[in-house]
Amino acid sequence: MKIATFNVNSIRRRIGGLIAWLNEAQPDVVLLQELKCQDEQFPALDLSGAGYQSAMVGQKAYNGVAVLSKHKIDVVMRALPGEDADDHARYIEADIDNGKEKLRVASIYLPNGNPIDTPKFPYKLRFLDRLRARAQELLALDRAVVLGGDYNVAPTDEDVFDIRKVAGDALVQPQTRLAWRAIVNLGYTDAFRALHGEPHQYTFWDYQAGAWPRDNGWRIDHLLLSPQAADRLEQCVIDRDVRGRPEASDHTPIWCSLKA
DNA sequence: ATGGTGGCGGTGCCA
(Lines give C-alpha, C1' and ligand atoms only; values in the text may rest on other atoms or scores of the structure.)
Protein backbone atom coordinates (compact mmCIF):
# COMPACT_ATOMS: atom_id res chain seq x y z
CA MET A 1 0.00 0.00 0.00
CA LYS A 2 1.57 3.24 -1.20
CA ILE A 3 0.30 6.51 0.31
CA ALA A 4 1.42 9.93 -0.91
CA THR A 5 0.85 13.54 0.08
CA PHE A 6 1.23 16.45 -2.34
CA ASN A 7 0.45 20.16 -2.02
CA VAL A 8 -0.44 20.95 -5.65
CA ASN A 9 -0.93 24.75 -5.31
CA SER A 10 -4.02 24.81 -7.58
CA ILE A 11 -5.38 21.51 -8.89
CA ARG A 12 -6.50 23.16 -12.13
CA ARG A 13 -3.00 24.45 -12.93
CA ARG A 14 -1.43 21.11 -11.98
CA ILE A 15 -3.83 18.48 -13.32
CA GLY A 16 -1.67 17.52 -16.31
CA GLY A 17 1.49 17.12 -14.27
CA LEU A 18 -0.40 15.38 -11.48
CA ILE A 19 -1.78 12.72 -13.82
CA ALA A 20 1.65 12.19 -15.36
CA TRP A 21 3.07 11.64 -11.86
CA LEU A 22 0.18 9.32 -10.86
CA ASN A 23 0.90 7.19 -13.91
CA GLU A 24 4.58 6.93 -12.99
CA ALA A 25 4.39 6.60 -9.21
CA GLN A 26 1.19 4.49 -9.04
CA PRO A 27 0.28 5.40 -5.46
CA ASP A 28 -2.76 3.65 -3.98
CA VAL A 29 -3.82 6.75 -2.05
CA VAL A 30 -2.94 10.42 -2.59
CA LEU A 31 -3.64 13.22 -0.12
CA LEU A 32 -3.82 16.60 -1.88
CA GLN A 33 -3.70 20.13 -0.47
CA GLU A 34 -4.19 23.67 -1.78
CA LEU A 35 -6.68 22.74 -4.47
CA LYS A 36 -7.70 26.43 -4.72
CA CYS A 37 -11.02 25.57 -6.37
CA GLN A 38 -14.67 25.11 -5.58
CA ASP A 39 -16.22 21.64 -5.54
CA GLU A 40 -17.73 21.94 -9.04
CA GLN A 41 -14.36 22.97 -10.52
CA PHE A 42 -12.54 19.87 -9.26
CA PRO A 43 -11.29 17.71 -12.19
CA ALA A 44 -12.84 14.46 -10.91
CA LEU A 45 -13.38 13.11 -14.43
CA ASP A 46 -9.72 13.50 -15.43
CA LEU A 47 -8.73 11.70 -12.24
CA SER A 48 -11.20 8.86 -12.68
CA GLY A 49 -9.83 8.47 -16.21
CA ALA A 50 -6.42 7.95 -14.59
CA GLY A 51 -7.89 5.30 -12.29
CA TYR A 52 -8.53 7.35 -9.15
CA GLN A 53 -11.72 7.92 -7.21
CA SER A 54 -11.78 11.19 -5.30
CA ALA A 55 -13.34 12.95 -2.34
CA MET A 56 -12.68 16.61 -1.66
CA VAL A 57 -13.55 19.74 0.27
CA GLY A 58 -13.27 22.83 -1.91
CA GLN A 59 -13.12 26.57 -1.31
CA LYS A 60 -12.95 29.51 -3.70
CA ALA A 61 -9.35 30.61 -4.40
CA TYR A 62 -7.80 29.28 -1.17
CA ASN A 63 -7.09 26.03 0.68
CA GLY A 64 -8.97 22.89 -0.41
CA VAL A 65 -8.05 19.26 0.34
CA ALA A 66 -8.74 15.92 -1.33
CA VAL A 67 -8.25 12.18 -1.02
CA LEU A 68 -7.59 10.22 -4.21
CA SER A 69 -7.62 6.44 -4.18
CA LYS A 70 -7.55 3.41 -6.45
CA HIS A 71 -9.79 1.77 -3.84
CA LYS A 72 -13.15 2.67 -2.32
CA ILE A 73 -13.28 5.92 -0.30
CA ASP A 74 -15.70 6.39 2.61
CA VAL A 75 -15.58 9.98 3.89
CA VAL A 76 -15.61 10.20 7.68
CA MET A 77 -15.17 13.98 8.21
CA ARG A 78 -15.00 17.10 6.02
CA ALA A 79 -13.67 19.46 8.71
CA LEU A 80 -11.47 19.25 11.78
CA PRO A 81 -13.64 19.43 14.93
CA GLY A 82 -13.14 21.98 17.67
CA GLU A 83 -13.76 25.43 16.14
CA ASP A 84 -17.16 26.06 14.60
CA ALA A 85 -16.16 29.48 13.23
CA ASP A 86 -13.33 27.93 11.16
CA ASP A 87 -14.70 27.73 7.61
CA HIS A 88 -11.39 27.01 5.83
CA ALA A 89 -11.24 23.84 3.71
CA ARG A 90 -8.24 22.29 5.45
CA TYR A 91 -9.21 18.77 6.53
CA ILE A 92 -10.79 15.65 5.10
CA GLU A 93 -10.72 12.22 6.70
CA ALA A 94 -11.70 8.95 5.06
CA ASP A 95 -11.55 5.17 5.21
CA ILE A 96 -9.90 3.38 2.31
CA ASP A 97 -11.09 -0.18 1.72
CA ASN A 98 -9.07 -2.31 -0.69
CA GLY A 99 -11.09 -5.44 0.05
CA LYS A 100 -8.51 -6.88 2.44
CA GLU A 101 -8.08 -4.08 4.95
CA LYS A 102 -9.39 -0.70 5.96
CA LEU A 103 -6.95 2.18 6.24
CA ARG A 104 -7.91 5.50 7.86
CA VAL A 105 -6.34 8.56 6.23
CA ALA A 106 -6.60 12.34 6.54
CA SER A 107 -5.48 15.07 4.16
CA ILE A 108 -4.42 18.10 6.18
CA TYR A 109 -3.55 21.63 5.12
CA LEU A 110 -2.35 23.33 8.27
CA PRO A 111 -2.48 27.14 8.45
CA ASN A 112 0.78 28.84 7.48
CA GLY A 113 0.61 31.20 10.47
CA ASN A 114 2.66 34.12 9.16
CA PRO A 115 3.16 36.82 10.23
CA ILE A 116 3.50 35.64 13.82
CA ASP A 117 2.34 38.94 15.37
CA THR A 118 -1.12 38.62 13.77
CA PRO A 119 -4.17 36.42 14.53
CA LYS A 120 -2.90 34.00 11.86
CA PHE A 121 -0.33 32.54 14.27
CA PRO A 122 -2.69 31.73 17.17
CA TYR A 123 -5.08 30.25 14.57
CA LYS A 124 -2.30 27.92 13.45
CA LEU A 125 -1.57 26.92 17.07
CA ARG A 126 -5.26 26.28 17.77
CA PHE A 127 -5.47 24.15 14.61
CA LEU A 128 -2.47 22.10 15.77
CA ASP A 129 -4.16 21.56 19.15
CA ARG A 130 -7.41 20.52 17.47
CA LEU A 131 -5.43 18.10 15.31
CA ARG A 132 -3.78 16.66 18.43
CA ALA A 133 -7.21 16.02 19.93
CA ARG A 134 -8.40 14.27 16.77
CA ALA A 135 -5.16 12.28 16.44
CA GLN A 136 -5.64 11.05 20.00
CA GLU A 137 -9.19 9.87 19.21
CA LEU A 138 -7.91 8.05 16.13
CA LEU A 139 -5.41 6.02 18.17
CA ALA A 140 -8.41 4.38 19.88
CA LEU A 141 -9.33 2.77 16.56
CA ASP A 142 -6.32 0.45 16.99
CA ARG A 143 -5.87 0.52 13.23
CA ALA A 144 -3.43 1.76 10.64
CA VAL A 145 -3.93 5.53 10.36
CA VAL A 146 -1.99 7.89 8.08
CA LEU A 147 -2.27 11.62 8.78
CA GLY A 148 -0.66 13.27 5.78
CA GLY A 149 -0.40 16.75 4.45
CA ASP A 150 1.22 20.15 4.41
CA TYR A 151 1.73 20.69 8.14
CA ASN A 152 3.51 24.02 7.64
CA VAL A 153 5.85 22.83 10.39
CA ALA A 154 9.60 22.30 10.03
CA PRO A 155 10.14 20.04 13.07
CA THR A 156 13.86 20.81 13.61
CA ASP A 157 16.55 23.22 12.41
CA GLU A 158 17.81 20.40 10.14
CA ASP A 159 14.54 20.62 8.23
CA VAL A 160 15.21 24.11 6.79
CA PHE A 161 17.98 25.38 4.53
CA ASP A 162 19.29 27.99 7.00
CA ILE A 163 17.59 28.51 10.35
CA ARG A 164 19.31 31.90 10.76
CA LYS A 165 17.49 33.23 7.71
CA VAL A 166 14.04 32.03 8.76
CA ALA A 167 14.16 32.26 12.56
CA GLY A 168 11.14 34.60 12.71
CA ASP A 169 8.96 32.36 10.56
CA ALA A 170 5.83 30.70 11.95
CA LEU A 171 6.95 27.32 10.57
CA VAL A 172 9.94 27.08 12.95
CA GLN A 173 8.68 28.82 16.12
CA PRO A 174 9.23 26.93 19.41
CA GLN A 175 5.46 26.99 20.04
CA THR A 176 4.84 25.49 16.60
CA ARG A 177 7.37 22.72 17.18
CA LEU A 178 6.03 22.04 20.67
CA ALA A 179 2.50 21.62 19.27
CA TRP A 180 3.88 19.29 16.56
CA ARG A 181 5.70 17.16 19.13
CA ALA A 182 2.53 16.97 21.22
CA ILE A 183 0.98 15.09 18.29
CA VAL A 184 4.02 12.90 17.62
CA ASN A 185 4.37 12.11 21.33
CA LEU A 186 0.87 10.63 21.41
CA GLY A 187 2.46 7.74 19.53
CA TYR A 188 2.67 8.80 15.89
CA THR A 189 5.72 8.20 13.71
CA ASP A 190 7.13 10.78 11.28
CA ALA A 191 7.50 8.31 8.39
CA PHE A 192 10.37 10.13 6.70
CA ARG A 193 12.44 10.62 9.86
CA ALA A 194 11.88 7.00 10.95
CA LEU A 195 13.84 5.85 7.90
CA HIS A 196 16.11 8.80 7.02
CA GLY A 197 18.57 10.55 9.30
CA GLU A 198 20.06 12.84 6.66
CA PRO A 199 19.54 16.56 7.37
CA HIS A 200 18.24 19.03 4.78
CA GLN A 201 15.81 16.80 2.88
CA TYR A 202 13.08 19.11 1.66
CA THR A 203 9.52 18.93 0.31
CA PHE A 204 8.94 22.64 -0.43
CA TRP A 205 10.96 25.32 -2.19
CA ASP A 206 9.59 28.86 -2.56
CA TYR A 207 9.03 30.18 -6.06
CA GLN A 208 10.95 33.32 -5.05
CA ALA A 209 14.63 34.22 -4.98
CA GLY A 210 15.86 31.12 -6.79
CA ALA A 211 15.01 28.88 -3.85
CA TRP A 212 14.82 25.72 -6.00
CA PRO A 213 18.14 26.08 -7.91
CA ARG A 214 19.83 27.08 -4.61
CA ASP A 215 18.13 24.19 -2.75
CA ASN A 216 16.76 26.66 -0.20
CA GLY A 217 13.98 24.34 0.91
CA TRP A 218 11.90 23.23 3.85
CA ARG A 219 10.67 19.81 5.03
CA ILE A 220 7.08 20.67 5.93
CA ASP A 221 4.99 17.97 4.19
CA HIS A 222 4.69 14.95 6.45
CA LEU A 223 3.15 11.51 6.84
CA LEU A 224 2.35 10.67 10.46
CA LEU A 225 1.68 6.99 11.13
CA SER A 226 -0.26 5.33 13.95
CA PRO A 227 1.61 2.43 15.63
CA GLN A 228 -0.26 -0.13 13.51
CA ALA A 229 0.83 1.72 10.35
CA ALA A 230 4.39 2.33 11.59
CA ASP A 231 4.81 -1.42 12.22
CA ARG A 232 4.32 -1.93 8.48
CA LEU A 233 6.48 0.98 7.23
CA GLU A 234 8.74 -0.13 4.39
CA GLN A 235 9.88 2.95 2.44
CA CYS A 236 9.45 6.71 2.55
CA VAL A 237 10.56 8.76 -0.45
CA ILE A 238 10.48 12.42 -1.47
CA ASP A 239 9.88 12.57 -5.23
CA ARG A 240 12.20 15.54 -5.56
CA ASP A 241 12.41 15.62 -9.36
CA VAL A 242 8.73 16.63 -9.64
CA ARG A 243 9.65 20.08 -8.26
CA GLY A 244 12.01 20.64 -11.20
CA ARG A 245 9.44 19.98 -13.92
CA PRO A 246 7.78 22.69 -16.05
CA GLU A 247 4.83 24.43 -14.34
CA ALA A 248 5.63 22.66 -11.07
CA SER A 249 3.97 23.24 -7.72
CA ASP A 250 6.23 24.83 -5.10
CA HIS A 251 5.88 21.53 -3.16
CA THR A 252 6.89 18.04 -4.27
CA PRO A 253 5.20 14.71 -3.45
CA ILE A 254 6.34 12.52 -0.56
CA TRP A 255 5.10 8.94 -0.16
CA CYS A 256 5.45 5.92 2.08
CA SER A 257 4.77 2.24 1.48
CA LEU A 258 3.24 -0.10 4.06
CA LYS A 259 3.75 -3.86 3.97
CA ALA A 260 0.62 -5.97 3.50
C1' DA B 1 20.76 43.81 2.09
C1' DT B 2 17.40 43.69 -1.14
C1' DG B 3 14.11 41.88 -4.09
C1' DG B 4 12.63 38.24 -5.93
C1' DT B 5 7.56 34.39 -7.98
C1' DG B 6 3.15 32.32 -8.46
C1' DG B 7 -2.24 31.53 -8.10
C1' DC B 8 -6.67 33.46 -7.94
C1' DG B 9 -9.56 36.76 -10.00
C1' DG B 10 -9.96 40.72 -11.75
C1' DT B 11 -7.86 43.90 -6.43
C1' DG B 12 -5.25 42.79 -3.11
C1' DC B 13 -4.62 38.46 -0.37
C1' DC B 14 -2.12 34.54 0.54
C1' DA B 15 1.93 31.82 0.57
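In what follows, chains are A, B, ... by sequence order, proteins preceding strands, each numbered from 1.
Across all strands shown, A:K165 has no heavy atoms under 4.0 Å from either base or sugar-phosphate atoms. Backbone-only engagement by A:R14 is indicated by non-hydrogen atom pairs under 4.0 Å involving sugar-phosphate atoms exclusively.
At a threshold of 4.0 Å, the pair A:E83-A:R126 counts as salt-bridged, since one of the basic side-chain nitrogens sits closer than that to a carboxylate oxygen. Ion pairing between a basic and an acidic side chain is recognised when a charged N comes within 4.0 Å of a carboxylate O; A:D74 and A:K72 show such pairing.
B:dG6 atom P lies 11 Å from atom CG of A:N9, rounded to whole Å. One can place CZ of A:R90 at 10 Å from C1' of B:dA15, the figure rounded to the nearest angstrom. Rounded to whole angstrom, the span from the CZ atom of A:F121 across to the P atom of B:dC14 amounts to 17 Å. In this structure, A:Q38 atom CD and B:dC8 atom P are separated by 12 Å, rounded to whole Å. With rounding to whole Å, A:F204 atom CZ is found 7 Å from B:dA15 atom C1'.
Atom name C1', nucleotides B:dA15 and B:dG4: the rounded distance is 14 Å, in whole Å. Atom name C1', nucleotides B:dG10 and B:dG6: the rounded distance is 16 Å, in whole Å.
Positionally, the nearest nucleotide of DNA chain B for A:R12 lies more toward the 5' end than for the other of A:Y109 and A:R12. Where A:Y62 and A:D206 meet DNA chain B, the nucleotide closest to each residue was compared, and A:D206 sits on the side nearer the 5' end.
Between B:dC14, B:dG6, B:dC8, one nucleotide has an atom nearer to the side chain of A:S10 than all others, and that is B:dC8. In this structure, of B:dA15, B:dG4, B:dC8, it is B:dG4 that holds the atom nearest to the side chain of A:A209.
The closest side-chain heavy-atom distance from A:L110 to A:I220 is not below 4.5 Å.
For A:K120 and B:dC14, the shortest distance from a side-chain N or O to OP1 or OP2 is below 4.0 Å.
A side chain to side chain donor-acceptor pair (under 3.5 Å) check over residues 41-58 of chain A, counting only residues at least two apart or in different chains, returns nothing.
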